[in-house]
Number of protein chains: 2
Amino acid sequence: MRYGKEHKQATRQRIIEAAGRRLKTDGIDGSGVSTLMTDAGLTNGAFYAHFESKDDLVATAVAHELRAQREALGELPPGRVGVEHLIREYLSVGHRDNPGLGCPSAALLDEIGRAAAATKTAYTEGVLAFIEEFAARLAPDDPQSAHAKVLSIYAGMIGTLQLSRALADRELADEVLEQGIANALALVNAESAPDAVR
Amino acid sequence: MRYGKEHKQATRQRIIEAAGRRLKTDGIDGSGVSTLMTDAGLTNGAFYAHFESKDDLVATAVAHELRAQREALGELPPGRVGVEHLIREYLSVGHRDNPGLGCPSAALLDEIGRAAAATKTAYTEGVLAFIEEFAARLAPDDPQSAHAKVLSIYAGMIGTLQLSRALADRELADEVLEQGIANALALVNAESAPDAVR
DNA sequence: AATTTTGTATTACGTTCGTACTACCATAAG
DNA sequence: CTTATGGTAGTACGAACGTAATACAAAATT
């Protein structure tokens with residue numbers, strides 16, 4: 001090998017990371033291959049040496065973003081303190097106003113629902129891993145039962161952040177975040193899963 | 001006037017309604033003007049006699065979709081029975097599998113967050129009207145305090161439906177809906193707003 | 001009833017941007 | 001100094017939004 005094994009790998013990684021930001025900022029359909037490559041400091045022709053197609057990169061980038069999100073969980077304080085921290089951070093003004101650095105689900109979820117099968121598969125696997133880690137943190141003794149609950153909490157946070165981003169009235173958008181935090185915290189602190197209330 | 005006042009108005013309405021379905025199915029960036037017009041039984045050139053730009057149509061269609069969603073509220077049984085019905089319908093398999101006939105927020109929310117200002121403004125107004133009607137139905141005596149609560153319920157349902165649509169594993173997708181229903185019902189039936197739990 | 005008028009839609013075009021591919025070049029390893 | 005690798009630059013072709021010239025259809029006028 002001429003360039004040393006890492007060269008191409010490192011470039012590939014650079015493309016994936018730059019693409020993660022760009023996709024979350026401009027959307028999947030809103031990001032062209034040429035732009036994605038320019039972001040990585042390359043020209044569009046080099047793209048197909050690294051990925052089969054745009055769909056291939058999108059699926060890879062989505063997987064990478066979710067892995068990063070899962071790994072960020074590990075850096076939080078242990079137990080419910082960490083969970084509470086996560087919720088307040090997730091539903092913060094800073095996160096809302098910087099989609100490129102934030103949650104891929106909040107930025108892209110409806111587009112992922114319409115995306116190629118490979119992207120949906122990558123997303124599904126990534127979310128499952130994230131949810132499991134989240135559940136283990138929330139209820140170390142019984143992560144299995146927390147699984148479903150965490151799914152709902154995550155879904156609620158995604159919808160809340162998207163809604164806050166879509167509103168033209170900033171005051172209302174901030175109120176949505178506030179209420180979302182209260183709501184998520186209540187769910188986390190509820191002793192039983194909501195379906196026990198039925 | 002040569003064609004009778006209604007002709008152009010009727011055509012415009014046809015475009016808006018067809019666009020509503022197409023946008024929700026293929027996304028905003030995923031729907032071309034040419035396709036939108038073909039859906040309405042016209043050719044692309046006629047478009048600019050009815051709308052200034054694609055953004056103009058998108059904003060109009062979003063407003064129309066939200067108005068329709070609000071009006072659908074009126075056809076439900078009164079009181080909490082109707083609300084419960086709405087939740088089960090919203091988080092149903094049928095709704096998930098037919099985005100074109102469903103909620104515009106669930107189909108487009110993250111794209112709306114990135115859309116032109118006019119679209120975000122139209123969305124904001126439409127959502128506010130919807131939320132107010134919802135709140136009045138949930139708490140006829142004190143719709144003001146229900147306002148914030150309803151925002152959270154709506155956001156949660158949006159995220160839940162999007163998540164269910166994005167998952168490649170059908171079983172998991174169905175579980176997400178189930179859990180979302182339980183979650184939303186618990187919120188509706190909670191006596192106080194969640195922030196009282198803090 | 002025939003003709004003019006005018007609003008509506010079609011067809012065709014310009015330009016830009018999208019994905020995909022290929023031929024060529026520069027670099028660094030051997 | 002050869003050779004393979006990773007990259008650039010350029011090309012093909014279709015789809016995007018938007019505009020303009022043209023055709024058509026229906027109401028109003030005579």
If you look only at distance, which donor and acceptor atoms sit under 3.5 Å apart when one is on a side chain in residues 17-28 of chain A and the other is two or more places apart or in another chain?
from	atom 1	to	atom 2	distance (Å)
A/R22	NE	A/D39	OD2	2.6
A/R22	NH1	A/D26	OD2	2.8
A/R22	NH2	A/D39	OD1	3.0
A/R22	NH2	A/D39	OD2	3.3
A/K24	NZ	A/E65	OE1	2.6
A/K24	NZ	A/G100	O	3.3
A/K24	NZ	A/G102	O	2.6
A/T25	OG1	A/R21	O	2.8

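- Close to D/dG6, at under 4.0 Å from its OP1 or OP2, lies no side-chain N or O of A/H50.
- Between A/R12 atom CZ and D/dG7 atom P there is a gap of 13 Å when expressed in whole angstrom units.
- What separates CE of B/M37 from P of D/dG18 is a distance of 13 Å, to the nearest Å.
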(message) How would you summarise protein contacts on nucleotides 13-19 of chain C per nucleotide, using B for base, S for sugar-phosphate only and - for none, with heavy-atom distances below 4.0 Å?
(response) -----SS
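- Here ring-ring contact (aromatic ring centres under 6.0 Å, His included) pairs that include residues 58-91 of chain B, with residues two or more places apart or in two chains, are B/Y90-B/H95.
- Under the rule for a side-chain hydrogen bond (donor to acceptor under 3.5 Å, both in side chains), the partners of B/D174 that lie at least two apart in sequence or sit in another chain are B/R96.
- With sequence neighbours left out, B/A168 forms a side-chain contact (heavy atoms from CB on, under 4.5 Å) with A/K120, A/T121, A/T124.
- Here B/T11 reaches the OP1 or OP2 of C/dA9: one of its side-chain N or O atoms lies under 4.0 Å away.
- Note: CG (B/L42) to C1' (C/dA9) measures 7 Å, nearest angstrom.
- Across all strands shown, B/A46 has heavy atoms under 4.0 Å from base atoms, whether or not it also approaches the sugar-phosphate.
- Sorted by first then second residue, the ring-ring contact (aromatic ring centres under 6.0 Å, His included) pairs that include residues 141-174 of chain B, not counting sequence neighbours, are B/F130-B/Y154.
- In this structure, CZ of A/F51 is placed 14 Å from C1' of D/dG6, rounded to the nearest angstrom.
- Environment of CD in B/E52: sparse, with no more than 12 heavy atoms of neighbouring residues, nucleotides or ligands closer than 6.0 Å.
- Distance B/F47 CZ to D/dA20 C1': 17 Å, rounded to the nearest Å.
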